[in-house]
2 protein chains.
Amino acid sequence: MKKFKRVTSMDVAKEAGVSRATVSYILNDVQGVSIKESTKKKVIQAAKKLGYYPDSMAVALKTNKAMSIGIVSKRNISEQRYIKFLDGVKSAIGDNYSIILCSDHVDNFGYPEYYSYYKRKKIDGILFLSFQEHLAEEKIDDYLHMSVEENIPIVFADYHLNNQMVNCVDINYYHGAYMAASYLIKNGHEEIIYLTPDFDTEQEQQRRKGVEDAVNEHKGIKLIKTPISTDNDKEIEAVIEILSKKDEYSAIITSWSKMAYTVLYQAQQLNISIPNEISVIALAGSNFDVYTYPRLTTCNLPLFELGQKSAERLMNMLTDTNTLPLNITLPCKLKERDSTKGI
Amino acid sequence: MKKFKRVTSMDVAKEAGVSRATVSYILNDVQGVSIKESTKKKVIQAAKKLGYYPDSMAVALKTNKAMSIGIVSKRNISEQRYIKFLDGVKSAIGDNYSIILCSDHVDNFGYPEYYSYYKRKKIDGILFLSFQEHLAEEKIDDYLHMSVEENIPIVFADYHLNNQMVNCVDINYYHGAYMAASYLIKNGHEEIIYLTPDFDTEQEQQRRKGVEDAVNEHKGIKLIKTPISTDNDKEIEAVIEILSKKDEYSAIITSWSKMAYTVLYQAQQLNISIPNEISVIALAGSNFDVYTYPRLTTCNLPLFELGQKSAERLMNMLTDTNTLPLNITLPCKLKERDSTKGI
DNA sequence: CTGTTAGCGCTTTCAT
DNA sequence: ATGAAAGCGCTAACAG
């Protein structure tokens, strides 16, 4: 491999017969300095001719900006969620910023990677994507501290923090669940099973409240809340048990689409016709919902928008240090398919 | 926001009563310099006390290494594929390198983002993940040029380049397809439908060859190759048409799992029993395969390993410039589920 | 064994 | 309208 000599702004300056400063002014389109059109042209041409690319590390060192943001998410996060979110982020940050994936592994500095990255100036800010609180309860306080006390530009996406001091873009799980339940009730369902995971998170609380509120607004609706294990085998067992009592209800709401898939699968197995015997609706969607049989009615989470809005928020913080913290809540959308019908 | 004065190695040096060089030596554990244990301790303690984090941009500028790698993939890539690959990459690059997501959008430099990132030293090398050639045929030559002529450290993951000059980690689509077809034949299937996308890629050619070779090894097997449109509606139409002639064959192979989902769905709709009337197998897998009814038999692609091996390769190139290019091929694994049975 | 010092490539203030 | 020069924080060759 032959040693490649980097083309620097000095080279461009020489080639164009100007100084490095001028090159910088022109290439960065600096406001407040006016430069002759002819010089401008010369410099731009010289840069092109030599194949000049400013060294981003040198720029970063000088300007104290890495021009990168970090995204942190637990590994075991639902995969779909992650990618759609990422797409949203990309769409909002533009060409100048890049995305660095951060883990929360403790590194050689004794801190989680995202923290070290920030401290080492590898990233300018952090986007937290729905860390699952029940998995690491205590961390939230650390995050809050980082955001409020340490003044690290952070946006929490898909968090429900209720804290006016931090930037938070939340999904309205409450309203999504409310819509889903209302939809069922409007369609004449009066006995409804509600399948939730067997642990409690803010998210699940919101959903539960949404479902309950919808139910309570109507007389004589019976809601049977049933926490089920997230363990695969146990989940299946529980679903079979529930399906065996199908006469006691006419509709099932599930917190996750995965649960709904299991319901649909087992219903087939047991020869129970969906939606004729039971309607099924999930409080989250995925790309597979159009392939289940029957196609699954869901309440879709606004993941792309989540990424977009969170990133916008973060960009604001980075460009204008006086931005006030904001809590935003994004609505879900009900997507009616074939797994639900009226009575 | 109060102006935060960065803690530099100078500060640490002062605090510990040594010079900046010593601090650097100790903190970077530089080989070939021996330093008194007591000094070492002093410095480490000082660093901890002051909360010193080396500025990665300064380090990068100095060492000429960004300690980041870029990953490039078309947007419309299957989502699952992306994340599993990423997991593999993460597992291989360790704590010191980070992952930057790159698009192939042309930026203000007039080049695709990944190229500019490299030229600007934001990344040290590039991982290309299965760009879909049929979407941008001409690009491959650019990549090859970048890799061979420009000497940019690049690894092609899920490419079938047949080029000993570049690093390439490929998936053995041929063998996967061969296995799948053989499996069907071994189970007594003699008339097989083979559903492919209606465009031709290296990947599909490999698969086709695999299926054909398996078929040709046996007497009297009839293979009906059927390209179908990737347009959703047309795909459904085609599948219905095919299912209507179910007496003419006993098994279906699909290139993609998405196609198999459609087959399964439409079979339900038409009251055709899978696997009793028709066996179905897909030449790629996804997380959803255990939720289809019946659960789908697939040939799983080694995506995690793909990420892992590609990243290992890239790491080699970055640490040892004399690494010779290598073409690696990773095997698929047949995962038998319920959509196939013997005759 | 430890310190001095010269840059890495860039931006930006100040001078002209 | 343009140039000179300081310095961001670090590493590493060289000195001692």
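To find a chain, count down the sequence lines: A is the first, B the second, and so on, and within it residues start at 1.
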Under-4.0 Å salt bridge between [X] and [Y]:
X	Y	result
B:Arg120	A:Asp55	no
B:Glu37	B:Lys42	no
A:Glu113	B:Lys90	yes

To the nearest Å, give me how far apart [atom1] ([X]) and [atom2] ([N]) are.
X	N	atom1	atom2	result
A:Lys36	D:dT2	NZ	P	5 Å
A:Met10	D:dG3	CE	P	10 Å
A:Lys14	D:dT2	NZ	P	20 Å
A:Lys121	D:dG9	NZ	P	7 Å
A:Glu37	D:dT2	CD	C1'	15 Å
A:Leu27	C:dG9	CG	C1'	13 Å
B:Lys119	C:dG9	NZ	C1'	16 Å
B:Leu50	D:dG9	CG	P	14 Å

Distance-only criterion, 3.5 Å: show the donor-acceptor pairs between side-chain atoms of residues 7-14 of chain B and protein atoms not counting sequence neighbours.
residue, atom, partner, partner atom, Å
B:Thr8, OG1, B:Met10, N, 3.1
B:Thr8, OG1, B:Asp11, N, 3.4
B:Asp11, OD2, B:Thr8, N, 2.9

Under 4.0 Å protein heavy-atom contacts per nucleotide of nucleotides 11-16 of chain D, with B for base, S for backbone only and - for none: BBBB--

Between B:Phe304 and B:Phe85, is the gap from one ring center to the other below 6.0 Å?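 No, the ring of B:Phe304 stays outside the 6.0 Å limit from the ring of B:Phe85, centre to centre.
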
Ring centres under 6.0 angstrom apart (A:Phe128, A:Tyr114): yes

Contacts of B:Leu61 and B:Lys40 projected onto DNA chain C by closest heavy atom; the upstream (5') one is B:Lys40

Side-chain N or O of B:Ser19 less than 4.0 angstrom from OP1 or OP2 on C:dG3? yes

Answer yes or no: does a side-chain N or O of A:Thr39 lie under 4.0 Å from OP1 or OP2 of D:dT2? yes

Return yes if some donor-acceptor pair links the side-chain N/O of A:Thr22 with the main-chain N/O of A:Val18 below 3.5 Å, else return no.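 A pair under 3.5 Å: no.
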
Counting the atoms with a prime plus P, OP1 and OP2 as sugar-phosphate, which does B:Ile35 contact under 4.0 Å by heavy atoms, base, sugar-phosphate, or nothing? sugar-phosphate

